[in-house]
Amino acid sequence: MELLSNLGLGFSVASSFANLGFCLIGVLLGTLIGVLPGIGATATIAMLLPITFQLEPVSSLIMLAGIYYGAQYGGSTTAILINMPGESSSAVTAIDGYQMARKGRAGTALATAALGSFFAGTVATFLVAIFAPPLTAIALEFGAAEYFSLMVLGLVMSVALAHGTVLKALAMVILGLLLGIVGTDIYTGTPRFTLGITQFADGLNFVALAVGVFGIAEILRNLEDEHERQVMTRNINRLFPSGPELRQIIGPVLRGTGVGSVLGILPGGGAILASFASYTLEKKLSKHPEEFGHGAIAGVAGPESANNAGAQTSFIPLLTLGIPANPVMALMIGAMIIQGIVPGPGVVTEQPDLFWGIIASMWIGNLMLVVLNLPLIGLWVKLLTVPYYVLFPIIMAMCSIGVYSVNSNVYDLFAVAFFGFLGYVLSKLRFEPAPLLLGFVLGPLLEENLRRAMILSRGDPTTFVTRPISAGLLVLALAVLVLVFLPQIRKRREEVFTESDG
Amino acid sequence: MSVSKLIGAVSAAMMLAAPAFAQGYPERQVTMIVPFAAGGPTDTVARLVAERMSADLGQQVIVENVGGAGGTLGAGQVAKADPDGYTVLLHHIGMATSDTLYRNLAYDTENAFDYVGLVTDVPMVVVARKDFEPADFPAFVSYVKANGDKLTMANAGIGAASHLCGMLMMQALDVPLVTVPYKGTGPAMTDLLGGQVDIMCDQTTNTTQQIKGGTIKAYAVTMPERLALFPDLPTTIEGGLPDVQVSIWHGIYTPKGTPAEVNQRLSASLQKALADESVATSMAELGTAPATAEQATPEALKAKLESEIARWKPVIEAAGVYAD
Amino acid sequence: MATKPRDDTDMIAGLLLMAAAAFFGWQTAGLEIGTSLRMGPGYFPMVLSGLLFLLGVLVFLKSFGRTGEPMGPVAWRGMLFILPAPVFFGLTVRGLGFVPALFFTALIASQASARMRPLPALVLAVLVTIISTLIFSYGLGLPFRRVGPWLDF
C-alpha cells in the first residue's frame with residue numbers, strides 16, 4: 001500500500017538519530033519560550049527562526065515544526081495558569097482553564113490539554129497523510145462568499161459562547177469587529193481609525209490586545225483588594241485526570257478533533273474558528289452548560305484538541321499548495337525558501353523524503369510533547385505557589401519583551417497598556433472579553449470577504465445563497481441562532497405568563 | 001546598594017561579556033532593518049546576504065524586522081538613525097513607489113539616505129488560472145482586450161508590486177479590468193488556484209512551483225530578457241507591451257551622512273556576499289540572480305532609485321491610488 | 001430613600017457603549033460609503049457603529065427597574081503602576097538599552113502591590129533582568145542593544 005510505504009519512508013527520515021534530536025530540541029525550546037507570558041507560537045518561531053538556518057532542510061523543518069507544537073502547548077499553559085493567552089486559539093482555553101486553575105485543578109487542566117492535544121495531533125497527522133490532496137481541493141472551493149458565510153457562522157457561535165447576557169456579548173463582538181478594522185483599508189488604501197498614527201496602519205497587534213484584555217485585566221482584578229483576595233488553592237496534589245474526568249473528556253476530544261481538522265485546512269480564518277467552534281459545540285451539547293465559564297473540563301478538552309488538530313491540518317495547504325494558512329505557516333515558508341525549497345505542489349513528487357519526513361515528525365513531535373510535558377506539569381503548577389506579587393512583575397517584564405520583539409513597535413506596547421485598562425473597565429462592567437477577541441480577529445476577514453464577494457459577483461448579493469457551500473454555512477448559522485434564542489424566547493414567554501398570572 | 005550603582009554593575013557585567021572590539025569599522029554588530037515581517041520574501045533575501053556579509057565584516061549583521069505601512073515605518077526608522085553605518089536598511093521597489101503612494105511620508109526618499117548597492121532583481125510573471133482560455137501571450141492580449149471588465153485581476157494590496165504591474169498592464173492595454181485586492185500574495189494565489197479570479201502578476205518566488213506543477217498558467221515575463229528558469233516564456237516586450245516592465249529590485253541603504261568609506265566597506269562586503277556560490281544557488285531557487293559587482297555599488301543603486309521614482313510617479317498618479 | 005431601583009453597572013456599560021459608538025461613528029464620518037459593487041471604506045464601519053450605538057441604548061434602558069451587584073473595589077494602585085510598565089519599556093528600550101529598560105520595567109510593575117517591600121522588589125528586578133538578558137539577548141539573539149546610546153559616556 002502506497003500510504004504505508006510513504007509513511008515508512010517518512011518515519012525512516014524522521015527517526016534518524018539527528019532528526020529525533022532536533023525534534024526534541026524544537027519541542028523543548030518551543031515549550032520553554034512559549035510558556036513565557038504574552039509570547040505565543042508566532043513570536044516564538046520568529047525568535048527561534050535564525051537558529052534553524054544552519055541545519056539541513058529536513059532537520060530544520062522538523063525542528064521548526066517541533067517549536068510550533070511546543071509553543072502552542074506552552075501558550076495554552078500560560079492561558080490556564082495565569083490567564084495570558086499568547087495566541088487566538090488559546091484564548092478559548094483561558095476561559096475555563098483559568099477557572100479550573102483557580103479551583104486548584106490546574107494540573108488536571110494541563111494534563112487534559114496535553115492528552116487532548118496528543119490525541120488530536122495523532123488523528124490529524126494521519127488525516128494529513130491520507131487526505132492531503134483531496135482536502136486541498138475542498139479548500140480551493142472556498143471563495144470569498146464561502147469565507148464570508150463561514151465568518152457569519154463563527155460570529156453567531158461567539159454569541160452562543162458568552163455566558164453573560166446576549167445583549168452585552170453582541171456589543172462586545174461588534175466592538176471587536178470595529179477594533180479589528182483599525183488600519184489601512186486594503187481596497188482603497190484609506191487609513192481608518194488610526195488617529196493619524198502610522199504605526200497602526202497595519203492594524204492593532206493581536207497579542208497586545210489579548211495580553212491586555214485577558215492578562216493585564218486579570219492582574220488588576222487580583223490587585224483590587226490584596227488582603228481579601230482569595231488565594232489560588234494550593235491543593236494541587238493530583239495531576240492526572242481521574243476515571244470519571246477521563247470519561248467526561250472523551251466526547252469533547254473526539255468532537256474537537258473533528259472540528260479542528262476540518263477548519264484547520266481552510267487558509268485564513270479557519271484555524272482561528274476551530275477552538276471557538278469546539279467550545280460552542282461543547283457548551284450546547286453539555287448537560288451542565290452553566291458550568292462553562294466556571295471551570296468546565298470539557299471547555300478545556302474540546303478547544304485544546306480542536307486547536308491542535310487545526311495546527312496539524314494547517315500544514316496541508318502549506319505542503320500541497322505552498323500557501324500559508326496563518327502567520328506561523330508564513331514563517332515556515334520563509335524558512336523553507338532560505339533552505340532552498342520553494343513550497344508548492346512540486347514538493348511531494350520532487351522531494352518525497354522531505355514531505356513524508358515532516359509528516360512523520362509531526363506525530364513524533366506530538367508524542368515527545370506529551371511525554372515531556374506530563375512530568376513538567378508538576379513544575380508549571382508549582383509556579384502558582386509563588387506569591388502573586390512576585391509573579392506579576394515577572395509577567396509584565398516578559399509581556400513587554402514578547403510584544404515588542406514581534407515588530408519592534410513601541411505603539412504595540414502603548415496598545416498593551418490601553419487594552420489592559422479597557423479590559424479592566426470592561427470586566428468591572430461585567431462584559432466578557434472572549435467575544436471581543438473573536439470579533440477582533442474576524443472583523444477584517446468578514447469585511448474583506450464581503451466586499452470581495454460583492455466585487456466578484458458584480459454587485460449581486462444572491463451570490464451568498466446561490467453558491468452551495470456558502471448557502472449551507474448560512475443555513476447552519478441560522479440553525480445555531482434558532483437554537484440560541486429559542487430557549488430564551490420560551491423562557492421570556494413563561495416569565496410573561498407567570499407575571500400576568502400574578 | 002543604590003539603584004544607579006546596581007544598574008552600573010549589571011551593565012558593566014554585560015559590557016564585559018561583549019566581544020572584544022576590532023580596529024576600525026565595524027566595531028560592533030550591524031543592524032539590518034527589514035521593513036517587512038520575518039519570513040517574507042524580502043526578509044529571506046536579507047537573511048541570505050546578512051549571513052555572508054557577517055563573515056566578511058567580522059561582525060554580526062543582525063536582521064531586525066520593523067514591519068508596517070508598506071515598509072515606510074522601517075525606512076523611516078533608518079532615516080532617523082545615527083549615520084554611523086551600524087543601522088542599514090534593506091528595502092525593495094517599494095522604496096521608490098512609496099514616495100508617490102504615501103503623500104505624508106515622514107522622510108524625503110531621495111535625500112534621507114545614502115546608498116550601498118543593489119542586491120537582486122526578482123522577476124515577475126503574468127499568470128492566470130489554469131483553465132484560462134488563451135493559449136499564448138498574443139492570444140492573451142487580444143482576449144483581455146476583447147473581454148475587458150468581464151475579467152478579474154488579483155493583487156496583493158495597494159502599492160504592492162502585483163498592483164503596480166496590474167496598473168501598467170491596464171494602462172498599456174487600455175482596458176479596465178475588475179481589480180480584486182487581497183492582503184498579501186498568499187491569499188491572492190489561493191484564489192487564483194481555485195479559479196475564483198482570472199489574472200495576476202506575481203514574483204517568481206511565489207509562482208515558479210505553481211507554474212511547474214501546472215496549477216496555474218504563465219503568459220509572460222515582465223523583464224527585458226527571458227528567464228533561464230522558463231526559457232519558453234516570452235517577455236512582455238516580445239508581446240508588444242514594452243511598457244509593462246516590473247521587477248522587485250532590492251537595495252541596501254544607510255542614513256544620509258554616513259561616511260563614504262563606511263558605505264564603500266559595506267558595498268565591498270555586499271559584492272563579496274553576492275559572489276558567493278551558495279547565495280547564487282539560493283537565489284536561483286527564488287527565480288532570481290544576485291546583482292553583479294557593477295550593480296552592487298552606491299552609484300548604481302542611487303541611479304536605480306531615482307529612475308524608478310520618476311518612472312512610477314506618473315503611473316501611480318494616473319491611476320489615482322494612494323496608500324494613506 | 002425612595003429612589004427607583006437601578007443597575008448602576010449596566011447603566012455605565014450602556015453609556016460606555018454609546019460613547020464608543022459615537023467615537024467610531026465620528027471617525028467614520030469622513031470615509032466614503034461607496035456602492036454595493038464597490039463598497040467604500042466607510043460602509044462596514046458605519047453599519048457597525050450604528051449597531052453598537054443601538055445596543056448601548058438597549059443596555060442603558062434595561063438597567064432601570066432592577067438592581068445589580070455592586071462594582072466592588074477598584075485597583076487604583078494597580079493601574080498606576082502596572083499600566084505604565086510596558087509603556088516605559090517601549091519608550092526606553094532603544095535609548096537606555098535592553099538591560100536597564102527591563103530592570104526599571106520590572107521595578108515599576110513590582111510597586112503595584114502594597115505587599116512588595118523595597119529590598120525584595122530590587123532583588124526581583126535584578127533577577128528578572130539577568131535571566132531575561134540571558135534568555136532573550138544571549139540565547140535568542142534578539143537584536144536590541146543591551147546598553148543603549150543614552151548611557152554612552
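Reminder, nothing fancy here: chain letters follow the sequence lines and each chain counts from 1.
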Contacting moiety of [X], where chain A heavy atoms sit under 4.5 Å:
X        : answer
C:Phe98  : side chain
C:Leu17  : side chain
C:Leu31  : side chain
C:Ala13  : both
C:Leu124 : side chain
C:Ile135 : side chain
C:Val128 : side chain
C:Phe23  : side chain
C:Leu91  : both
C:Leu52  : both
C:Ser110 : both

What part of [X] gets closer than 4.5 Å to chain C, counting heavy atoms only: side chain, backbone, both or neither?
X        : value
A:Phe418 : neither
A:Tyr424 : side chain
A:Leu426 : side chain
A:Leu29  : neither
A:Leu167 : both

Identify the heavy atoms of [X] and [Y] that sit nearest to each other, and give their distance.
X        : Y        : value
A:Pro393 : C:Met116 : CG-CE, 4.4 Å
C:Thr9   : A:Lys428 : CG2-O, 3.6 Å
A:Gly443 : C:Phe44  : O-CE2, 4.1 Å
A:Ala417 : C:Val87  : CB-CG2, 3.6 Å
A:Leu223 : C:Ala112 : CD1-CB, 3.8 Å
C:Val59  : A:Lys168 : CG2-CG, 4.1 Å

Who among [options] has the most heavy-atom pairs with chain C under 4.5 Å?
options                                : answer
A:Val416, A:Ile174, A:Asp412, A:Leu446 : A:Ile174
A:Ile401, A:Leu220, A:Asp185           : A:Ile401
A:Ile395, A:Leu32, A:Leu450            : A:Leu450

Kindly say whether C:Pro41 contributes a backbone atom to a donor-acceptor pair with the side chain of A:Arg192 at under 3.5 angstrom? yes
Is the CZ atom of A:Phe421 crowded by more than 12 outside heavy atoms at less than 6.0 Å? no
Per-residue tally against chain A (heavy atom, under 4.5 Å) across C:Leu127, C:Leu48, C:Thr105 peaks at C:Leu48
Do you know which of C:Ala85, C:Ser132, C:Gly40, C:Pro120 has the most heavy-atom pairs with chain A at a distance under 4.5 angstrom? C:Gly40
Can you list everything that forms a side chain to side chain contact (heavy atoms under 4.5 Å, CB included) with A:Phe193? Sequence neighbours excluded, please. A:Leu178, A:Ile181, A:Val182, C:Phe24, C:Gln27, C:Thr28, C:Pro45
